[in-house]
Asks: 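First the structure, which I've put down as C-alpha cells, then a few questions once you've had a look.
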2 protein chains.
Amino acid sequence: MPRDADRAPTEADYLAAYDAEAFERPSVAVDVALISASEGALRVLLVERSEHPQRGRWALPGGFVAPNESLDEAAERVLAVKARLTGVFLEQLYTFGDPTRDPRTRVISVAYYALVDAATWDRAARDTEKLRVARLVVPWEGETGGPVEARDPDDRPLALAFDHEQILGMAVRRLRGKLDYAPIGFQLLPPQFTLRRLQDVHETILGRPLNKDSFRRRMLASGNLEATGEREECVGHRPAERYRIARRSAV
Amino acid sequence: MPRDADRAPTEADYLAAYDAEAFERPSVAVDVALISASEGALRVLLVERSEHPQRGRWALPGGFVAPNESLDEAAERVLAVKARLTGVFLEQLYTFGDPTRDPRTRVISVAYYALVDAATWDRAARDTEKLRVARLVVPWEGETGGPVEARDPDDRPLALAFDHEQILGMAVRRLRGKLDYAPIGFQLLPPQFTLRRLQDVHETILGRPLNKDSFRRRMLASGNLEATGEREECVGHRPAERYRIARRSAV
DNA sequence: TGAATAGTGTCTATAAGACAATATCCC
DNA sequence: GGGATATTGTCTTATAGACACTATTCA
C-alpha cells in the first residue's frame, strides 16, 4: 500500500471539489437482489429487459429513487411492485457508480439484497415471460468475490444486464461473510424449520458441507433459536423437532 | 420479521416505478471519514463549514461526484484536495439517502472511510481554523452501533453537521467488524511497526484490552506479517522486532 | 544493577470435528 | 422388524486466555 502524501492539488481540483453543485446530476436507482435457496442452490429473481439498452438481457428488479423517499423505501417499493412482496428482510449492499455502467446516462445504483423463503417465493414470483427465478452458480470459493452466473431451469446461462453480475457477486460474498455472525440463515426459511433445513441453507450459501454436530451446537448455543415442541410428520424416519427464531434474538 | 406477501401494488406504484426517469435528480456526494489512531483513541479529520446550512458545524470532508468520475475516484479526489493525501487505504462504507438529511436539496451521500498512520496524518492535516483532527468517543460496546461523538483537543464536543455522526458511527462499527478477519490494522501504522504498536491499534479500534499472548500468536499465524530483522532503538527496555506487511498477504 | 518491556513455554478452558450409540417415526 | 434420520454422549484436536519465566536494552 503506497502512501504518497503531499501531491499538490491543482486549481482544477479545487474547482471540481467546490463547484460540484453546478455539475449535471446523475440519476440514482436502487437494484434489489431478491434471493432464496432451494434444492441446494441460491436463487434470484430476474426481469427481462423489454427496452433498450440491453434489451433481452436479464436484470435485477430496480427503479429510480423518488424525490421524497429514502433509499430503503425505494428498495421496499421495488420489491412491492415487481415481486409483490412486503416485510421481507432487506439490507443495503453496495453502491455502484462507474460512469459507464449504463450507456444511456450516468446512473448510480444503490444495490440491496433481500431474503425470502422458497414458499413465499413461489407465491410471489412464478416463472413468466418477463420474470424468472434463476439459479446462481458461484465460480469461486469462500469470500474470494467476483461475478456469479445466473442459469435458467434448463441450466442455460442467462445474459445479465449492466453490471448486475457484479452486484450478485457482491451479494453472495456479503451473505457468506455475514452468515457466521448475523442471524440471516432463518430469513431463507419458513417461520418454522428443522435444524437440518437450516444447515442445508447454510451449506447452500457457503457452497461447502458443514459438520452436523458442530452446526447443531453452535445454533442452539447462539440463543437465536427456540424449540416449538412440534415435530415433523410423515417423513419416513424419526421426525425432527421444529424451531423458530427466538423472540429475544441472541443475548 | 413479518412476511406479508401479496399486497396489490396500486397504479400509482407502477407509475412511480416506471416513470422515475422523469423525476428530479438528486445530487450525489461522497463524504470521507479519514481515520487514524493515536494515544489510545481514534481520530478523524473534520472541516468547519463556512457556509449555510449548518454553518459553524463540523463536517467530514466531502464533495459532489463529477459527471465522468467513479465514486472511488470522487473519494480519492476529496482526499487529495482536502487532506493532500493520495494512495491511502480507502473503502466504500454505506450510502445515506434520507430525503431530509440536507436541508438545501436532496443530497445522497456515498460515505467512504480511509485509514492513515498518525505520522502521515501530522504532515497532511495540521490543526487549523478550518481543519481539525478530532478525537472519537464511542458510547457503545462491541458492534452495537449508533452515533459517536467527536471531541476537540480540550475534550469539548464538536457539533457535527448533517448526519455525519451516524456516518462516523457506521465507520467505527465497520472497522470493529472487519478487524478480526481483514488486514486493516496495519493501515493505521507506519510501514514498519512492532507487535505492541499493532496491538495498541487493535485495542483502540475495539475499545477493549486484548490478551497479549493470544494476539501475538494470531498475528504471526495469520501470515500477514513479515519480520524485518530490525529492532527498535533507544527505548529504555528490550527493543522489539519490527514487522511489515507480508508481500503475499495471507495464504 | 535495576527498570521496563520483549519474547517463550506451559497449563487450562473452550469450541470444533469425528465417531459411536441410542431414539423415534413410517413403511 | 427394517430403513432412515434425529438426538445424545464421548473422545480428540485446535485455539484462546492465563500465568510464569527468561531475554535484552538503556539509565
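Chain naming here is simple, since letters A, B, ... match the order of the sequence lines and numbering starts at 1 in each. All values derive from a computational prediction rather than experimental measurement.
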Asks: Could you give the side-chain donor-acceptor pairs of residues 137-148 of chain A under 3.5 Å, partners two or more places apart or in another chain?
Replies:
from	atom 1	to	atom 2	distance (Å)
A:W140	NE1	A:G146	O	3.0
A:W140	NE1	A:P147	O	3.3
A:T144	OG1	A:E141	O	2.5

Asks: Please output the side-chain donor-acceptor pairs of residues 177-184 of chain A that fall under 3.5 Å, not counting sequence neighbours, one pair per line with the distance.
Replies:
from	atom 1	to	atom 2	distance (Å)
A:K178	NZ	A:E91	OE1	2.9
A:K178	NZ	A:E91	OE2	3.3

Asks: Whole angstrom is fine here: how far is it from CG in A:L220 over to P in D:dA6?
Replies: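 One finds 13 Å between P of D:dA6 and CG of A:L220, rounded.
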
Asks: Can you tell me the distance, in whole Å, between the CZ atom of A:R196 and the C1' atom of D:dT8?
Replies: 17 Å

Asks: Output all residues satisfying side chain to side chain donor-acceptor pair (under 3.5 Å) with B:D152, sequence neighbours left out; order by chain, then residue number.
Replies: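 B:D152 satisfies side chain to side chain donor-acceptor pair (under 3.5 Å) with B:R156 only.
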
Asks: With sequence neighbours excluded, tell me which residues meet side chain to side chain contact (heavy atoms under 4.5 Å, CB included) with A:R196.
Replies: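 Per chain and number, A:R196 pairs via side chain to side chain contact (heavy atoms under 4.5 Å, CB included) with A:T194, A:Q199, A:D200, A:E203.
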
Asks: Pull out every residue in residues 231-239 of chain A that has a heavy atom closer than 4.0 Å to any atom of DNA chain C, ordered by number, or say none.
Replies: A:C234, A:G236, A:H237, A:R238, A:P239

Asks: Apply ring pair (Phe, Tyr, Trp, His ring centres under 6.0 Å) to B:F215 and list each qualifying residue two or more places apart in sequence or on a separate chain.
Replies: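 Only B:H202 meet the ring pair (Phe, Tyr, Trp, His ring centres under 6.0 Å) criterion with B:F215.
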
Asks: Between B:R217 and A:R218, just flag the one whose closest nucleotide in DNA chain C comes earlier from the 5' side.
Replies: B:R217

Asks: Using the side chain to side chain contact (heavy atoms under 4.5 Å, CB included) criterion, which residues pair with B:A114? Sequence neighbours excluded.
Replies: B:V32, B:L34, B:L79, B:V88, B:L90

Asks: Roughly how many Å is it from CZ in A:R242 to P in C:dC25, rounded to a whole number?
Replies: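 So the two atoms are 14 Å apart, to the nearest Å.
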
Asks: By ring pair (Phe, Tyr, Trp, His ring centres under 6.0 Å), which residues pair with B:Y94, not counting sequence neighbours?
Replies: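 So B:Y94 forms a ring pair (Phe, Tyr, Trp, His ring centres under 6.0 Å) with B:F96.
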
Asks: Looking at A:G229, is its backbone amide N or carbonyl O close enough to the side chain of A:R242 to form a donor-acceptor pair, meaning the two atoms are under 3.5 Å apart?
Replies: no

Asks: May I ask you to decide if B:T95's main-chain N or O and A:Q92's side chain share a donor-acceptor pair within less than 3.5 Å?
Replies: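 The answer is yes, because a donor-acceptor pair under 3.5 Å joins these two groups.
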
Asks: Which whole-number value in Å describes the distance from A:M219 CE to C:dA15 P?
Replies: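 About 14 Å, once rounded to whole Å.
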
Asks: Give me the residues of residues 198-216 of chain A where at least one heavy atom lies under 4.0 Å from an atom of DNA chain C, by number, or none.
Replies: A:N211, A:D213, A:S214

Asks: Can you name the side chain to side chain donor-acceptor pair (under 3.5 Å) partners of B:R151, sequence neighbours left out?
Replies: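 Counting only residues at least two positions away or on another chain, B:R151 forms a side chain to side chain donor-acceptor pair (under 3.5 Å) with B:E149, B:D155.
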
Asks: Please round to 10 degrees the angle between the axis of the first five pairs and the axis of the last five pairs in the helix from C:dT1-D:dA27 to C:dC27-D:dG1.
Replies: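 It comes to 0° between the two terminal axes.
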
Asks: Taking only residues two or more places apart in sequence, or in another chain, which ones meet B:S109 in a side chain to side chain contact (heavy atoms under 4.5 Å, CB included)?
Replies: B:D31, B:R101, B:I167

